There are 2 protein chains.
Amino acid sequence: MADVNFKTANPPASPDGDATPLTRPELHPDEPVITPHCDLIELLFYAYRDFTSDPDERLAAFDFGRAHHRVLHFVDRNPGMMVTDLLAILRITKQSLGRVLKQLVDKDFILQKPGPLDRRQRLLYTTPTGHALARSLSSPQSERLSRALATLPPGSDDIVRQFLHAMIDEDARDAVAEMIYNTDRPARSLSAAAVAPTMALPEGADPDRNSDRK
Amino acid sequence: MADVNFKTANPPASPDGDATPLTRPELHPDEPVITPHCDLIELLFYAYRDFTSDPDERLAAFDFGRAHHRVLHFVDRNPGMMVTDLLAILRITKQSLGRVLKQLVDKDFILQKPGPLDRRQRLLYTTPTGHALARSLSSPQSERLSRALATLPPGSDDIVRQFLHAMIDEDARDAVAEMIYNTDRPARSLSAAAVAPTMALPEGADPDRNSDRK
DNA sequence: TTAAATAAGTCAATATGGCTGACGTAAATT
DNA sequence: AATTTACGTCAGCCATATTGACTTATTTAA
């Protein structure tokens with residue numbers, strides 16, 4: 001199978017009869033021919049597809065999946081974080097997290113320690129093994145980023161950074177930036193509410209009573 | 001539940017005893033303190049998390065999931081595409097695609113037509129309904145992109161475009177660009193091999209004989 | 001013209017990672 | 001003392017992916 005073989009398949013891009021003129025029925029005159037930023041939508045899909053595929057093989061060697069990767073990554077980057085914070089970041093339920101977290105703890109990649117101030121908490125840390133795995137998973141991603149940025153004019157890093165930051169939900173943006181860039185952590189904590197804010201529910205008559213979702 | 005409440009939880013970022021000094025055992029002197037581009041890795045996660053969450057509610061109204069969205073999107077953008085091409089883009093198996101595709105066809109969002117040149121093909125088209133849904137799904141994503149780009153200096157669009165393009169696997173890059181930007185389609189076809197190229201297997205002794213994967 | 005490759009579909013079984021709902025327990029807050 | 005919070009768990013369900021095997025047309029190549 002050749003490297004780049006264009007197959008010359010379908011000349012008429014019309015589902016109607018072979019001789020029917022090409023007309024999309026529901027195309028209003030004021031409707032733009034293509035969706036604005038359709039290229040970016042697709043580029044984002046492809047970029048993320050390949051970006052996330054990098055660590056997959058290494059993960060499989062430990063019988064882990066992408067869910068484990070995400071947990072391991074954020075715990076490694078935020079040692080001592082609360083389970084609640086992790087839930088807010090990943091936007092999954094306690095039960096979903098529970099499964100993968102248990103496996104990571106059982107296999108000694110993540111360690112849980114009671115919070116010294118609030119003893120209800122089980123603060124999360126990576127073990128040395130876990131830290132090493134987290135590193136080996138993020139390194140191909142980091143290299144991909146380096147290669148990509150190297151092709152761009154100098155100063156593009158910041159444009160990309162700003163772009164991605166601006167793509168985040170407005171309510172979560174500040175908390176995310178806080179989390180990412182506060183590497184000298186001055187007794188700070190993650191704000192679950194800010195990373196994944198609750199809907200502003202009307203006062204009283206709260207339907208969210210016994211829910212797992214924040 | 002307050003809007004932005006920082007909880008001031010865990011001052012010591014060390015899993016060891018409360019009074020133990022903070023030292024990561026496996027931190028070689030030549031190991032960088034943080035992974036390069038760790039911020040970008042996380043920004044990409046958050047950006048994509050929120051980017052993909054946009055169409056979810058609309059999707060649920062039709063009992064569809066993200067898999068349906070992806071199929072619908074690419075078929076809408078590439079009318080007359082082959083099933084094989086779709087498999088290569090999505091990087092899933094024929095069986096996985098089969099299910100969602102069948103549902104989309106059954107519910108009259110996608111239409112299959114035998115290829116006029118190669119009658120083995122079942123070329124894919126969106127119906128008017130399908131096209132409308134595809135539009136309504138991509139529009140919030142497009143708006144998010146517009147809002148994000150509006151915050152950046154002029155000319156940033158191209159930087160972002162180039163960045164995302166450079167993030168794609170090198171072998172697939174050209175085919176992707178071809179697919180995205182050839183809106184005036186001159187009897188062209190997608191190249192499945194280029195979008196998701198096969199590993200260059202050694203001649204003879206091909207283990208990939210009866211596989212579903214390209 | 002026979003053989004092989006390709007496009008597409010299918011059946012069956014399995015795994016992963018999500019979800020809801022219902023409970024329980026310990027600790028902190030009010 | 002009552003409530004809220006942090007965390008965990010059991011049970012079941014669903015969506016989406018996987019592998020492997022097999023069939024049917026149809027096209028292409030030996």
Side-chain angles (χ1 to χ4, degrees), chain A residues 1 5 7 9-10 52-53 56 59-60 63-71 81-88 90-103 105 112-124 189-190 192-193 206-214, chain B residues 1-2 5 7-10 49 52-53 56 59-60 63-71 81-88 90-103 105 112-124 189-190 192-193 198 206-214:
Chain A
M1 198 161 289
N5 60 340
K7 290 183 206 132
N10 47 325
T52 54
S53 78
D56 279 359
L59 240 8
D63 280 310
F64 289 152
R66 288 180 188 174
H68 301 86
H69 182 196
R70 290 193 283 270
V71 170
M81 78 187 304
M82 289 168 50
V83 171
T84 305
D85 297 327
L86 197 45
L87 291 175
L90 302 175
R91 295 218 178 148
I92 59 177
T93 56
K94 202 184 355 175
Q95 295 88 332
S96 299
L97 175 60
R99 205 168 354 94
V100 297
L101 186 55
K102 191 175 190 311
Q103 292 170 20
V105 169
Q112 285 183 297
K113 228 184 104 66
L117 301 176
D118 186 334
R119 280 161 34 235
R120 289 172 303 179
Q121 300 170 341
R122 308 274 190 92
L123 305 186
L124 302 170
S189 167
L190 312 174
D206 186 351
D208 205 21
R209 296 293 290 113
N210 207 10
S211 170
D212 287 326
R213 268 299 191 32
K214 284 295 292 191
Chain B
M1 209 165 285
N5 57 339
K7 289 180 207 135
T8 64
N10 47 325
R49 178 194 71 173
T52 53
S53 78
D56 280 0
L59 240 8
D63 279 311
F64 287 153
R66 287 179 188 175
H68 301 86
H69 181 198
R70 290 194 284 269
V71 171
M81 78 188 304
M82 290 167 49
V83 171
T84 305
D85 297 328
L86 198 46
L87 291 176
L90 301 175
R91 297 222 176 142
I92 59 176
T93 57
K94 205 181 357 173
Q95 294 88 332
S96 299
L97 175 60
R99 196 180 15 89
V100 296
L101 186 54
K102 192 174 189 309
Q103 292 169 13
V105 170
Q112 285 182 298
K113 230 184 102 67
L117 302 176
D118 186 335
R119 280 164 32 237
R120 289 170 304 180
Q121 299 171 342
R122 307 275 190 91
L123 305 185
L124 303 170
S189 166
L190 311 175
T198 54
D206 186 351
D208 205 21
R209 298 290 291 111
N210 207 9
S211 169
D212 286 327
R213 267 294 189 41
K214 285 294 291 190

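In what follows, every chain begins at residue 1, and chains take the letters A, B, ... in the order their sequences are listed. Bear in mind the structure is a predicted one, so any value in this text is a computation, not a measurement.
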Task: Which residues share a ring-ring contact (aromatic ring centres under 6.0 Å, His included) with H69(B), sequence neighbours left out - done: none
Task: 5' precedence on DNA chain C between K102(B) and R99(A) (nearest-nucleotide basis) - done: K102(B)
TODO: Under 4.0 Å between any heavy atoms, over every strand shown, what does R66(B) touch: base, sugar-phosphate, or nothing? Just pick one.
DONE: sugar-phosphate
- [ ] Between protein and nucleotides 24-30 of chain D, map the contacts as a letter string: B base, S sugar-phosphate only, - none, heavy atoms under 4.0 Å, written 5' to 3'.
- [x] -BBS---
Task: Nucleotide dC7(D), atom P - distance to CG of L123(A) in whole Å - done: 8 Å
Open item on the list: Mind checking if Q103(A) touches a base, just sugar-phosphate, or nothing, with heavy atoms under 4.0 Å?
Closed with: nothing
Open item on the list: Do K113(B) and R122(B) make a side-chain contact, defined as non-hydrogen atoms from C-beta onward lying under 4.5 Å apart?
Closed with: no
Open item on the list: Under 4.0 Å from OP1 or OP2 of dT20(C): is there any side-chain N or O of T93(A) that close?
Closed with: no
Task: Side-chain donor/acceptor of Q95(B) to base of dG20(D), under 3.5 Å - done: yes
- [ ] Among the candidates dG17(C), dA7(C), dA6(D), find the nucleotide nearest to the side-chain atoms of R70(A).
- [x] dG17(C)
Task: Spacing between D85(B) atom CG and dT6(C) atom P, to the nearest angstrom - done: 14 Å
TODO: With heavy atoms under 4.0 Å as the rule, sort G98(B) into base, sugar-phosphate or nothing.
DONE: nothing
Task: Phosphate-side-chain proximity, S96(B) and dT16(D), N/O vs OP1/OP2 below 4.0 Å - done: no
Task: Nearest-angstrom distance from the residue atom CG of D63(B) to P of dT16(D) - done: 10 Å
TODO: Check if the side chain of R122(A) and the base of dG8(D) share a donor-acceptor pair of N or O atoms closer than 3.5 Å.
DONE: no
TODO: Check whether any side-chain heavy atom of K102(B) lies under 4.5 Å from a side-chain heavy atom of V105(B), and answer yes or no.
DONE: no
Open item on the list: Could you tell me how far apart K113(B) (NZ) and dA8(C) (P) are, to the nearest whole angstrom?
Closed with: 15 Å
Open item on the list: What's the angle between the local helix axes at either end of the helix from dT1(C)-dA30(D) to dT30(C)-dA1(D), using five pairs per end and rounding to 10 degrees?
Closed with: 30°
Open item on the list: Counting only side-chain heavy atoms from C-beta out, which of dG9(C), dT18(D), dC19(C) sits nearest to Q112(B)?
Closed with: dG9(C)
Open item on the list: Output the rounded distance in Å from NE2 (H68(B)) to C1' (dC14(D)).
Closed with: 12 Å
Open item on the list: So which atom in L59(A) and which in G65(A) form the shortest heavy-atom distance, rounded to 0.1 Å?
Closed with: CG-O, 3.5 Å
Open item on the list: So, does T84(A) get its side chain near the phosphate of dT5(D), meaning an N or O under 4.0 Å from OP1 or OP2?
Closed with: no
TODO: With sequence neighbours left out, write down each residue that passes salt bridge (Lys or Arg N to Asp or Glu O under 4.0 Å) with R99(B), or none if nothing qualifies.
DONE: none
Open item on the list: Restricting to salt bridge (Lys or Arg N to Asp or Glu O under 4.0 Å), what partner residues turn up for R66(B), sequence neighbours left out?
Closed with: D56(B)
Task: Identified side-chain contact (heavy atoms from CB on, under 4.5 Å) counterpart of V71(B) within the set L101(B), I92(B), L124(B) - done: L101(B)
Open item on the list: Taking the side chain as everything from C-beta on, heavy atoms only, tell me whether L123(B) gets closer than 4.5 Å to Q112(B).
Closed with: no
Task: Distance, rounded to the nearest Å, where L97(B) contributes CG and dT16(D) contributes C1' - done: 12 Å
Task: Partner residues of R119(A) under the salt bridge (Lys or Arg N to Asp or Glu O under 4.0 Å) criterion, sequence neighbours left out - done: none
TODO: Find the distance I92(A):CD1 to dT16(D):C1' and express it as a whole number of Å.
DONE: 16 Å
Task: Exercise: identify the closest heavy-atom pair between V83(A) and L97(A) - done: CG1-CD2, 3.9 Å
Open item on the list: Tell me the interatomic distance from K94(B), atom NZ, to dT18(D), atom C1', rounded to whole angstroms.
Closed with: 14 Å
